[in-house]
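Chain letters run A, B, ... following the sequence lines, proteins first, then strands; residues in each count from 1.
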2 protein chains.
Amino acid sequence: MPSRSLAMPELACADCPIRHRAVCARCESDELEQLDAIKYYRRFEAGQTIAWAGDQMDFVASVVEGVASLTQTMEDGRRQMVGLLLPSDFLGRPNRESVAYDVTATTDVMLCCFRRVPFQTLISETPHISQRLLEMTLDELDAAREWMLLLGRKTAREKIASFLSIIARRDASLKNRPNANELVFDLPLTREAMADYLGLTLETVSRQMSALKRDGVIELKGKRHITVPDVSALMEETGDDADGGMFG
Amino acid sequence: MPSRSLAMPELACADCPIRHRAVCARCESDELEQLDAIKYYRRFEAGQTIAWAGDQMDFVASVVEGVASLTQTMEDGRRQMVGLLLPSDFLGRPNRESVAYDVTATTDVMLCCFRRVPFQTLISETPHISQRLLEMTLDELDAAREWMLLLGRKTAREKIASFLSIIARRDASLKNRPNANELVFDLPLTREAMADYLGLTLETVSRQMSALKRDGVIELKGKRHITVPDVSALMEETGDDADGGMFG
DNA sequence: GGTTGTATTTGATCGAAATCAAATCAGCCC
DNA sequence: GGGCTGATTTGATTTCGATCAAATACAACC
């Protein structure tokens, strides 16, 4: 169900993929023009911090390209990722002045930013947008809750398998799959970032990746390029209900 | 920041505590009358299931009294709580037909229910309410993310201490504390439910409760009645930043 | 090609929490 | 009071993932 939004009608919009999720598909063109008036693009390099927890953030944004993440850090350095933003995901909290978590560019990232104050004005005057934001926030909440099950109850192997299936589900290259049963994609995260996502150490991530490879569940070309020869075999490993899902 | 809503202005409304969070404080009285027209009360006993994951739910609701929880269960029985609803919390997802998680009455619960379809109509016609729901959902998302840090990175002892401080923060009896440094409240959950909340086993919960008692961080009267003689000592144990917080 | 620095893998060991098992406590009903 | 039931505590042992440590792969740069 976090994939719900993928099923929503998309606006054909060549210059700004943002609108696909950030903006209600029912918006009138003049509303879209107002959005255009307050938007600008911004690029961040891999590893760069986009905002620190507690900072003022004078924009909200949508991810155009690349991956950004939200993380929380404890004083002693323990770190947990609490949000992973892929292209078309929304960043920022309308009506909140400050950011609650560190926002980092996990890969090179291109953001489409909307200036915060005028964006909020637009929301308050455009119920469509506010309703769309509610939908998106509910989707995020669903994703967070699925993530909680993973963190609280899954084994290391199940965590890795779940992560791979989550990334695969969102990966663009999905669109042209030659073989319906096979799956090929690139990992946008280092082993360390995966560990932060999964509540593991990077050593455990590496070991479990090796184990899945040894058992033929995945194949690796380089460190980041993954082939899943049999999707259902991967799904078996996630611990989730085998039903539904993106892959038939 | 999950406590943000507590700081919001509350409507004086003797018969229905719901409004305090569920409905925008800026609503006009005729909008409140419309809400009254579609609401009804419903009681559930401890242990009773309010809805199963996947069920249609023909109402949304606000918790008036007692505690309800959202849980996810894996086929082999592993269980993770993903939502804990205390009085004034909102239950249900506007514009979603079905429930995503099992909803259970953790104690005896009184709900103030709003019939779903008319409630949705009201939302779409009343931007205030839709914006209030967005605020509430953002609060829930913040809470979920704090919870993710707990599940992914905290030790068993830190989890217990964090849980106690979360419950204490929300407990009604807080309102009349004789001694600002001391804290007295009742646990609304069994050890098993705590385990489901924290991603632990009930034995570990029990052991860590005993350890905190042994170390003088908490005192126990019966199994459920907790006294925290020194709030800052408890906060030390949570692993969280010592700053801010409800207790000064 | 060699060097440097980072990312990743692999190995050995340790420890926190899970698991398995039993005892104790607290209501509750008669 | 006494027995019954479910909740909780406590104990013994195991196990999975963390930690500590070292080797290997890889890309960028000279």
Inset, instruction - Under 4.0 Å from any heavy atom of chain A: name the first and the last nucleotide of DNA chain C that qualifies, 5' to 3'. - result: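 For DNA chain C, the relevant span reads C:dT8 to C:dA12.
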
Inset, instruction - For a side-chain hydrogen bond (donor to acceptor under 3.5 Å, both in side chains) with A:D186, tell me which candidate from A:K221, A:R224, A:H225 qualifies. - result: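 The residue from A:K221, A:R224, A:H225 that satisfies side-chain hydrogen bond (donor to acceptor under 3.5 Å, both in side chains) with A:D186 turns out to be A:H225.
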
Inset, instruction - Could you tell me whether A:R93 and B:D142 make a salt bridge, using a distance below 4.0 angstrom between a side-chain N and a carboxylate O? - result: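 Answer for the salt bridge query: yes.
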
Would you check if the side chain of [X] reaches a backbone N or O of [Y] as a donor-acceptor pair within less than 3.5 Å?
X	Y	value
B:S206	B:L202	no
B:Q80	B:T73	no
A:R153	B:R78	no
A:D55	A:M57	no

Starting from [atom2] on [N], measure out to [atom1] on [X] and report it in whole angstrom.
X	N	atom1	atom2	result
B:R224	D:dT9	CZ	P	10 Å
A:K223	D:dA27	NZ	P	9 Å
B:R191	D:dG6	CZ	C1'	14 Å
B:L212	D:dT9	CG	P	12 Å
B:E192	D:dG6	CD	P	13 Å

Legend entry - Contact state string [nucleotides 13-18 of chain D, B base, S sugar-phosphate only, - no protein heavy atom under 4.0 Å]: ----SS

Inset, instruction - Look at the rings of A:W147 and A:Y197 and say which category their plane angle falls in: under 30° parallel, 30 to 60° tilted, over 60° perpendicular. - result: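 The rings of A:W147 and A:Y197 lie parallel, inter-plane angle below 30°.
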
Inset, instruction - Run the numbers on A:R96 and B:D139 for salt bridge (charged side-chain N to carboxylate O under 4.0 Å, His left out), then give the verdict. - result: CA-CA 11 Å; A:R96 297 320 210 228; B:D139 282 341; 2.6 Å; yes

Inset, instruction - Tell me what A:S206 touches on the nucleic acid: a base, only sugar-phosphate, or nothing, going by heavy atoms under 4.0 Å. - result: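 Base, at least one base heavy atom under 4.0 Å.
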
